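Below is one structure, written out as structure tokens; the observations come after it.
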Amino acid sequence: GKVLTIRSNNENIKKILENLFYDILNVEFNMWSWTRNMCKYGDFFLYLDIDEQVGITSTIGVPTQEMERLEGEDKSNPNYIQYQCKIL
């Protein structure tokens, strides 16, 4: 069977999501290692390469040591947390 099942009443949405997950993100190949790293290390980051005209074109796994946690940047919401990649 498939790693991911997509169900939608709208066939256009289903087609777009199948293209994203199976053709662009390649979840059949990548999901195992992404899940393993998430479970092993407690977090996992993907950089999404986004083209404004096309959408997501590819992904790059980002090592956790290259991520920086930003807290207290939004004065209107002190609980807001952001993550910033140091190398990209």
Side-chain angles (χ1 to χ4, degrees):
K2 292 186 172 186
V3 171
L4 181 68
T5 303
I6 300 168
R7 295 186 185 126
S8 175
N9 294 332
N10 188 328
E11 285 299 316
N12 190 36
I13 291 174
K14 185 176 178 180
K15 182 179 170 184
I16 291 169
L17 289 176
E18 284 178 349
N19 178 43
L20 172 65
F21 289 117
Y22 288 103
D23 298 332
I24 298 170
L25 298 178
N26 193 11
V27 294
E28 291 286 334
F29 179 79
N30 292 318
M31 187 63 75
W32 187 88
S33 63
W34 292 347
T35 305
R36 178 185 180 275
N37 285 334
M38 175 66 136
C39 292
K40 185 175 180 180
Y41 300 113
D43 52 12
F44 181 73
F45 298 95
L46 276 178
Y47 171 78
L48 301 178
D49 189 10
I50 301 173
D51 182 307
E52 288 189 27
Q53 303 299 321
V54 181
I56 298 171
T57 57
S58 66
T59 61
I60 301 169
V62 179
T64 55
Q65 52 275 38
E66 298 301 328
M67 295 301 293
E68 181 178 18
R69 182 176 166 144
L70 303 173
E71 298 179 18
E73 300 288 321
D74 186 357
K75 301 301 178 198
S76 64
N77 184 0
N79 296 322
Y80 185 67
I81 298 170
Q82 290 178 291
Y83 292 91
Q84 176 177 308
C85 184
K86 295 186 235 177
I87 59 173
L88 295 175

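If you're wondering where the values come from, they're calculated on a predicted model, not measured in any experiment. Atom set for the values below is all heavy atoms of this structure, side chains included, hydrogens, waters and symmetry mates excluded.
- Counting heavy atoms from C-beta on, the side chains of Thr59 and Trp34 come closer than 4.5 Å.
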Could you list the donor-acceptor pairs under 3.5 angstrom formed by side chains in residues 72-79, with sequence neighbours left out?
residue : atom : partner : partner atom : Å
Asp74   : OD1  : Ser76   : N            : 3.1
Asp74   : OD1  : Ser76   : OG           : 2.7
Lys75   : NZ   : Gly72   : O            : 3.4
Asn77   : OD1  : Asn79   : N            : 3.3

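- The cluster map of Ile, Leu, Val, Met, Phe, Trp and Tyr, joined by side-chain heavy atoms under 4.5 Å apart, puts Leu25 and Leu4 in the same cluster.
- Leu20 is connected to Val3 through a chain of hydrophobic side-chain contacts under 4.5 Å among Ile, Leu, Val, Met, Phe, Trp and Tyr, so both are in one cluster.
- The cationic atom of Lys2 (NZ for Lys, CZ for Arg) lies less than 6.0 Å from the six-membered ring centre of Tyr22 and within 45° of the ring axis.
- Atom CD1 in Ile56 sits 9.5 Å away from atom CG in Leu46 (nearest 0.5 Å).
- In this view, Glu71 and Arg69 satisfy the side-chain hydrogen bond (donor to acceptor under 3.5 Å, both in side chains) rule, not counting sequence neighbours.
- Residues passing the side-chain contact (heavy atoms from CB on, under 4.5 Å) test with Gln84 are Glu68, Leu70, sequence neighbours excluded.
- Taken together through direct or relayed side-chain contacts under 4.5 Å among Ile, Leu, Val, Met, Phe, Trp and Tyr, Trp32 and Val27 form parts of separate hydrophobic clusters.
- In terms of heavy atoms, Pro63 sits closest to Gly61 at CD-O, 3.9 Å.
- Transitive grouping of hydrophobic side chains (ILVMFWY, heavy atoms separated by less than 4.5 Å) brings Met31 and Phe21 into a common cluster.
- Ile60 is not listed as a side-chain neighbour of Asp49, based on a closest heavy-atom distance of 4.5 Å or more.
- Screening residues 4-20 for side-chain hydrogen bond (donor to acceptor under 3.5 Å, both in side chains) gives no qualifying pairs among residues at least two apart or on separate chains.
- Contact check for Phe44 versus Thr35: no side-chain heavy atoms found under the 4.5 Å cut-off.
- Listed by chain and number, the residues in a side-chain contact (heavy atoms from CB on, under 4.5 Å) with Gln53 are Asp51 (sequence neighbours excluded).
- Hydrophobic clustering, with ILVMFWY side chains joined whenever heavy atoms are under 4.5 angstrom apart, keeps Ile50 apart from Tyr83.
- Of all the heavy atoms in Ile24 and Ser58, the pair that sits closest is CG2-N, 4.1 Å.
- Among residues two or more places apart in sequence or in another chain, the side-chain contact (heavy atoms from CB on, under 4.5 Å) test is passed with Asp43 by Tyr41, Phe45, Thr64.
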